[in-house]
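Read the structure below first, then the notes.
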2 protein chains.
Amino acid sequence: MSKSPSSRSRASGRVTLSDVAARAGVAPMTASRAINQPDLVSSLLRQRVEQAVQELGYVPNRAARALASAQSNVIVVLVPSLSNTVFTAVLQGIQDALDDDNYQLLIGNTRYSDAEEEKLLNVYMQSNPDGILLSGLTHSPRVQQMLETSRVPVVSMMDLSSDPDLLCVGFSQVEAGQAMTRYLIGKGKKRIGFIGAQLDERTLRRAEGYRKAMADAGLADTRLEIMVPDPSTIALGAELLGRMLAQVPDCDAIFCCNDDLAHGAIYQCQRRGISVPEQLAICGFNDLPASAWMKPALTTVGTPRYKIGFEAATMLRATIRGERPAHAHLDLGFTLMARESA
Amino acid sequence: MSKSPSSRSRASGRVTLSDVAARAGVAPMTASRAINQPDLVSSLLRQRVEQAVQELGYVPNRAARALASAQSNVIVVLVPSLSNTVFTAVLQGIQDALDDDNYQLLIGNTRYSDAEEEKLLNVYMQSNPDGILLSGLTHSPRVQQMLETSRVPVVSMMDLSSDPDLLCVGFSQVEAGQAMTRYLIGKGKKRIGFIGAQLDERTLRRAEGYRKAMADAGLADTRLEIMVPDPSTIALGAELLGRMLAQVPDCDAIFCCNDDLAHGAIYQCQRRGISVPEQLAICGFNDLPASAWMKPALTTVGTPRYKIGFEAATMLRATIRGERPAHAHLDLGFTLMARESA
DNA sequence: CTGAAAGCGCTTACAG
DNA sequence: CTGAAAGCGCTTACAG
């Protein structure tokens, strides 16, 4: 009659499904059904089980469920940064899309590192995820291999792949970079600099679009490019503006690979008494909240990051359920936001 | 001799520890030791097991491990927002503190809602976490109860509790609000407005500090307070600046409960031709990256959010290991950043 | 240093 | 609609 576990017991001491079943006077199997598939149980037993759950404060053990059912209900999300608003918006979209689905999100921060991505994926694979959401298209060979051998559904976010079979949701980073550069060229700018930081794949593709547009217009000049691996910050934008002007004194426009850099460049211009856009046009990428409000308001590229997360999660969920999406690639596009700074 | 599982098998098809053991010619127990406690196994067998792991591409099943060992190695983190830089910095600190510890972080976004916090905790408790990191001190009664009955170690972040037994890492939000208000009073300001949004507990405590300082100086006037439940954004700051000036035309300073609001207020002043700080002093809270760079540079309160995350995670880890921290409360302080705007 | 047995808490696959 | 049996893939607690 003793309630304490025998000395040789390995029981955790927590309330288990068997405890609930005993209290309700049913078999554990029935208690399980009453909780997970209530429609299959008579209302009388269901009520008795529900009451036992309440009285005992039963909390299901997710590990046991995952083990028995071979279904983890885990979705892994890998993003390169948590401090970059772009990716927190993506995460928000994912959460909203999956809100009612009882999925558990395992959020990994790769810090823009392929090695870190590999490490995280290695650990997260131990949780036997039902699906994976990845940022970007380029990954280490081992990551590619892990993904293939695991046969877990994957959706890539942010850019569009050239592989027609790869599920992805995003927009063409190359075209967006090209569009912004063409806009500046259309404004009559000739000496258009490009400032790139972090050098993640998206920045590289935007630079690719910039180069295409410059070459098309016969304006290409490698000295107009400043590329540094440091993280994008306002402070770095301010610094790189100075470096660009020192390197290319007749520069008449600067395309920053993102808004943080552009904000820093504009603040630096204000400090140096350089009028924007009259003396120097400046534009960014991503349209952060401050961009529309600052003086001068920043010309930039609006990107559908929230929607990317939402749609990618939706596509992944459909794939997990065994549905084949009509289109493997979902192009959400971008919007050129012409404002005051360029 | 067939490799395919029998039709009645429930096996997942994945490589298991038994497969590794069979390949290495050892018992599963020995394979387990070779992987998790290699020092307890002879180097010969260890090597054979390691090789089998490689050849088979073995990935341990975390659910099985958690179930058998009654140890999840999961730490739950609940933050009110992922779009607020403050909390992403906290998360970064947590990740850095726990980096080498094989903990799996379950990050939950409560969206500033007690009900959502309750819902998340309910789900996350199913993972049997080893520890929990919470934002703030106030929670719903059911959350409090879940925490108590579960006996899982908890560390609260951001503020300092009045309960001496509650583990917490942060700083006094009340004192910070008071300090900033006193600073403005010291600058000769008489009609100091307070703009509060979101109305989360930190904002309410900062407002409490503001009221104390105003009352102490005989400057209290409830019309000087604007409190709205909407999320803090630049746009809202711009709007509320207008509302404050309409309501209190002789207002000579505005204390915004955070930097986003303050940025919006300053941008709005620029648009209206109001000089800051000459006509109107404006200050914020948190010292976001843009604050030091914008013109005028924002006077604000610097807060140790990264360190809060780092130290809270460190304290939690120690507690999980059974150590008693020397002090239950860790006060990391704040810094008044006097700049141009006030 | 190594291994056979039992068990963690749940669900699957049956059977009635 | 209900339940007895077996099993998911590991680790604990022993024993040798």
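Order of the sequence lines sets the chain letters (A, B, ...), proteins ahead of strands, with each chain counted from 1. None of these values were measured; they are calculated from a predicted model.
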Among C:dG3, D:dC10, D:dC8, which nucleotide sits nearest the side chain of A:A68?
D:dC8
Give a yes/no answer on whether the side chain of B:S32 brings an N or O atom under 4.0 Å of OP1 or OP2 in D:dT11.
yes
Would you give me the side-chain donor-acceptor pairs under 3.5 Å for residues 153-162 of chain A, sequence neighbours excluded?
from	atom 1	to	atom 2	distance (Å)
A:D159	OD2	A:R205	NE	3.0
A:S161	OG	A:D163	N	2.8

What's the verdict on salt bridge (Lys or Arg N to Asp or Glu O under 4.0 Å) for A:D114 and A:R142, showing C-alpha distance, side-chain angles and the deciding distance?
CA-CA 10 Å; A:D114 274 10; A:R142 295 177 64 148; over 6 Å; no
Measuring from the side chain of B:R65 (C-beta onward, heavy atoms only), which nucleotide among D:dT12, C:dT11, D:dC10 has the closest atom?
D:dC10
Value in whole Å for how far the P atom of C:dC1 lies from CZ of B:R46
9 Å
Residue met sooner reading DNA chain D from 5', once B:P28 and A:D39 are mapped to nucleotides
A:D39
What nucleic acid atoms does A:A27 come within less than 4.0 Å of, heavy atoms only: base, sugar-phosphate, or nothing?
sugar-phosphate
Is any side-chain N or O of A:T30 closer than 4.0 Å to OP1 or OP2 of D:dG3?
yes
Could you measure the distance from the CD1 atom of A:I132 to the CG atom of A:L316? Nearest 0.5 Å is fine.
8.5 Å
note: A:L40, atom CG; C:dG16, atom P; distance rounded to Å ~ 20 Å
CZ of A:R62 versus C1' of C:dC8: gap in Å, rounded?
18 Å
My validator wants the stems of DNA chain C: runs of 3 or more consecutive Watson-Crick or G-U pairs, both distances under 3.5 Å, written as range with range.
C:1-3 with D:14-16, C:5-12 with D:5-12, C:14-16 with D:1-3
Does B:E201 use its side chain to pair, donor to acceptor, with the backbone of B:T138 at less than 3.5 Å?
yes
When the distance from CZ of A:R48 to P of D:dC1 is rounded to whole Å, what number comes out?
16 Å
A:N61 has a side chain; which of C:dT2, C:dC10, D:dC10 sits nearest to it?
C:dC10
Rounded to the Å, how far apart are A:R14 CZ and C:dC8 C1'?
12 Å
Between atom CE in A:M29 and atom P in C:dC14, what is the gap in whole Å?
14 Å
Please report the distance, rounded to the nearest Å, between CG in A:N36 and P in D:dT2.
15 Å
Tell me, yes or no, whether the heavy-atom count around A:R14 atom CZ, taken from other residues, nucleotides or ligands under 6.0 Å, exceeds 12.
yes
Taking the nucleotide of DNA chain C with the nearest heavy atom to each, does B:S42 or A:S69 sit closer to the 5' end?
B:S42
Of the candidate nucleotides C:dT12, C:dC10, C:dT2, which contains the atom at the shortest distance from the side chain of B:R33?
C:dT2
Nucleotide of C:dG3, D:dG9, D:dT11 approaching A:L67 most closely (side-chain heavy atoms)
D:dG9
If we ignore hydrogens and angles and just use 3.5 Å, is the side chain of B:D130 paired with the main-chain N or O of B:N73 as donor and acceptor?
yes
Side-chain donor/acceptor pairs under 3.5 Å, residues 29-36 of chain A, sequence neighbours excluded:
from	atom 1	to	atom 2	distance (Å)
A:N36	OD1	A:R65	NH2	3.1
A:N36	ND2	A:S32	O	3.2

Measure CD/A:Q47 against P/D:dT2 and give the value in whole Å, please.
12 Å
Can a salt bridge be assigned to the pair A:R46 and A:D39 using a cut-off of 4.0 Å between side-chain N and carboxylate O?
no
